[in-house]
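Reading through the structure tokens given below for one structure.
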Amino acid sequence: GGGWGSRPGRGSSGAGPARRRAARKVTIGGPSAVVTVVIPGKNEARFARDCIRSLKDQTLQNFEAVIIDDCSTDSTLDVVLDEIGPDPRFRVLRTERSIGPGLARNNGVADATTKYVTFLDLDDYLAPDSLASRVECAERHADQPWVAGSYCWHEHVDVDAGYKSWRPPRRGRRGEISWMGHFDDNVVIVSTPLLRRDAFLAVGGFDDAPTAEDPIFWFKLLRWGFILVSTGKVSVAGQRPKSSRAVRVGEQLQVDRGEEHFEIQVLGLSDQRGPAPTAARIEVQATPAGTAPGSRRSSGATTPPSCR
């Protein structure tokens, strides 16, 4: 999956063949599903099995998953249906025409009724405790309405490594993601945050943007005053095919939101050649409506809360 503020991971080529320990299965908040995993995909037949298997291996049992096939022309839909089998936690939607990942995610959230939602691209996969650790972290801050949810850290892995061979690093860095925080210090891809569904809906979901729809959404969320708190764990693996082009270099996106105008500059992500991608940086300018974009809004450091 594509990323905002992505930074090179260590990869998994030297992970070794150690066997995974059997993890204890848990439910959080009762037997009903507590989180919906929204999974858009188009022509991802090569990666879909690892993605779905990583969900079935979650220690958190009470989740549901909505998979949106965005008019794939390969065997993605067949692979998905074969892999989920009779598991009632999975639902599959298919768009009548290709609408892109942002709008597909919005459709998935509209189909959800759970307290939390999270996103997973079909070419990414999860560590076994990924959902449980993020739900537990978000629940620890449930009495703080400005906390939209939690996030974990991710590692970019070789597309040929395979889900079963991935051993995530023992820990990521802790820290809060907020509007006043240092964006360059944060590492987020679309598969790492877990959000309250009401917070997602409050800011209007993903825009119908030609590219970089996820950084537009995260900046919108943060500008509304929401924050995300860290689990301190690495629990998402992001695969990046060698031929992928994440974001066109230097592309500018302009977003009008109420009283403010945002100009988002995406720098540095071009063709990826291997498991460790080039770092990206996003600069934001915010100025009152009706005036030309001015100097960049300053950001100050915060003392971040995190989940222990």
Side-chain angles (χ1 to χ4, degrees), residues 1 20-39 51-66 87 89-90 105 108-109 112-121 124-155 163 166-178 181 186-202 218 221-222 226-238 302-308:
R20 286 186 193 270
R21 292 181 180 179
R24 180 174 60 92
K25 302 296 184 181
V26 299
T27 59
I28 299 175
S32 300
V34 68
V35 59
T36 300
V37 185
V38 177
I39 312 169
C51 176
I52 295 170
R53 287 172 183 174
S54 77
L55 269 175
K56 288 187 168 184
D57 286 346
Q58 290 298 294
T59 58
L60 181 73
Q61 294 293 283
N62 57 327
F63 72 87
E64 63 179 21
V66 180
D87 195 323
R89 296 174 297 180
F90 290 82
R105 294 184 191 111
V109 174
T113 59
T114 53
K115 180 178 180 178
Y116 296 106
V117 294
T118 188
F119 306 101
L120 181 63
D121 286 347
D124 296 341
Y125 48 80
L126 305 178
D129 67 344
S130 182
L131 293 180
S133 61
R134 284 181 286 163
V135 170
E136 288 169 351
C137 181
E139 284 288 275
R140 291 190 186 105
H141 296 271
D143 61 341
Q144 299 171 335
W146 59 90
V147 177
S150 62
Y151 74 100
C152 63
W153 293 73
H154 73 281
E155 182 177 44
Y163 158 63
W166 181 51
R167 300 295 177 268
R170 288 185 177 273
R171 66 182 62 185
R173 291 164 51 194
R174 297 185 182 274
E176 169 195 289
I177 297 180
S178 69
N186 296 319
V187 176
V188 172
I189 63 174
V190 74
S191 299
T192 56
L194 177 141
L195 304 174
R196 294 193 341 249
R197 183 172 177 269
D198 62 351
F200 176 88
L201 295 175
W218 303 125
L221 182 80
L222 301 181
F226 289 112
I227 69 171
L228 300 171
V229 292
S230 174
T231 65
K233 293 185 175 184
V234 179
S235 59
V236 171
T302 61
T303 302
S306 57
C307 293
R308 307 291 179 185

Revision key, fill the gap. Nearest heavy-atom approach of Thr36 to Glu64 is OG1-OE2, 2.6 Å
Check your understanding: Any idea which heavy atoms bring Pro145 and Phe226 closest together, and the distance?
Key -> O-CE2, 3.6 Å
Practice item. Please examine the side chains of Leu55 and Phe90, heavy atoms only from C-beta on, and report whether any two atoms are closer than 4.5 Å. Key: yes
Review point. Is the side chain of Arg196 donor-acceptor paired with the backbone N or O of Ala142 at a distance under 3.5 Å, no angle test?
Key: no
Practice item. Would you check, one step at a time, whether the test side-chain contact (heavy atoms from CB on, under 4.5 Å) holds for Leu195 with Leu228? Key: CA-CA 8 Å; Leu195 304 174; Leu228 300 171; 3.5 Å; yes
Review point. If you measure only the distance, is there a donor-acceptor pair under 3.5 Å linking the side chains of Thr231 and Ser150?
Key: no
Review point. Is the backbone N or O of Phe119 less than 3.5 Å from a side-chain atom of Arg105, with the two atoms forming a donor-acceptor pair by type?
Key: no
Exercise for review: Find out whether Asp124 and Ile189 are in side-chain contact, i.e. whether some heavy atom of one side chain is under 4.5 Å from a heavy atom of the other.
Suggested key: yes
Review point. Under the criterion side-chain contact (heavy atoms from CB on, under 4.5 Å), which of Leu131, Leu194, Val117 is the partner of Val37?
Key: Leu131
Review point. With under 30° as parallel and over 60° as perpendicular, where do the rings of Tyr125 and Trp166 fit, or are they tilted in between?
Key: perpendicular
Revision key, fill the gap. Closest non-hydrogen atoms of Cys51 and Ile39, given as atom of the first, atom of the second and distance, are SG-CG2, 4.2 Å
Point to revise | Gap between atom CD1 of Ile227 and atom OG of Ser178 - 0.5 Å precision | key: 6.5 Å
Revision key, fill the gap. Of all heavy-atom pairs linking Ala33 and Thr114, the shortest is O-CG2, 3.4 Å
**Study point:** Main-chain N/O of Val234 paired with Glu155 side-chain donor or acceptor, under 3.5 Å
**Key:** no
Check your understanding: Under the 3.5 angstrom rule, does the side chain of Arg197 hit a backbone N or O of Val109 as a donor-acceptor pair?
Key -> yes
Practice item. Please name all residues satisfying side-chain hydrogen bond (donor to acceptor under 3.5 Å, both in side chains) with Thr118, sequence neighbours left out, ordered by chain then number. Key: Arg134
Exercise for review: Let me see the working for Asp87 and Ile52 under side-chain contact (heavy atoms from CB on, under 4.5 Å), right down to the final yes or no.
Suggested key: CA-CA 11 Å; Asp87 195 323; Ile52 295 170; over 6 Å; no
Review point. Among all residues two or more places apart in sequence or in another chain, which pass the side-chain hydrogen bond (donor to acceptor under 3.5 Å, both in side chains) test with Glu139?
Key: Lys115, Tyr116
Point to revise | Donor-acceptor contact below 3.5 Å, side chain Ser130 vs main chain Ala127 | key: no
Check your understanding: Shortest non-hydrogen contact from Cys152 to Val236?
Key -> SG-CG2, 3.6 Å
**Study point:** Minimum heavy-atom distance Gln58-Gln61, with the two atoms named
**Key:** O-NE2, 3.0 Å
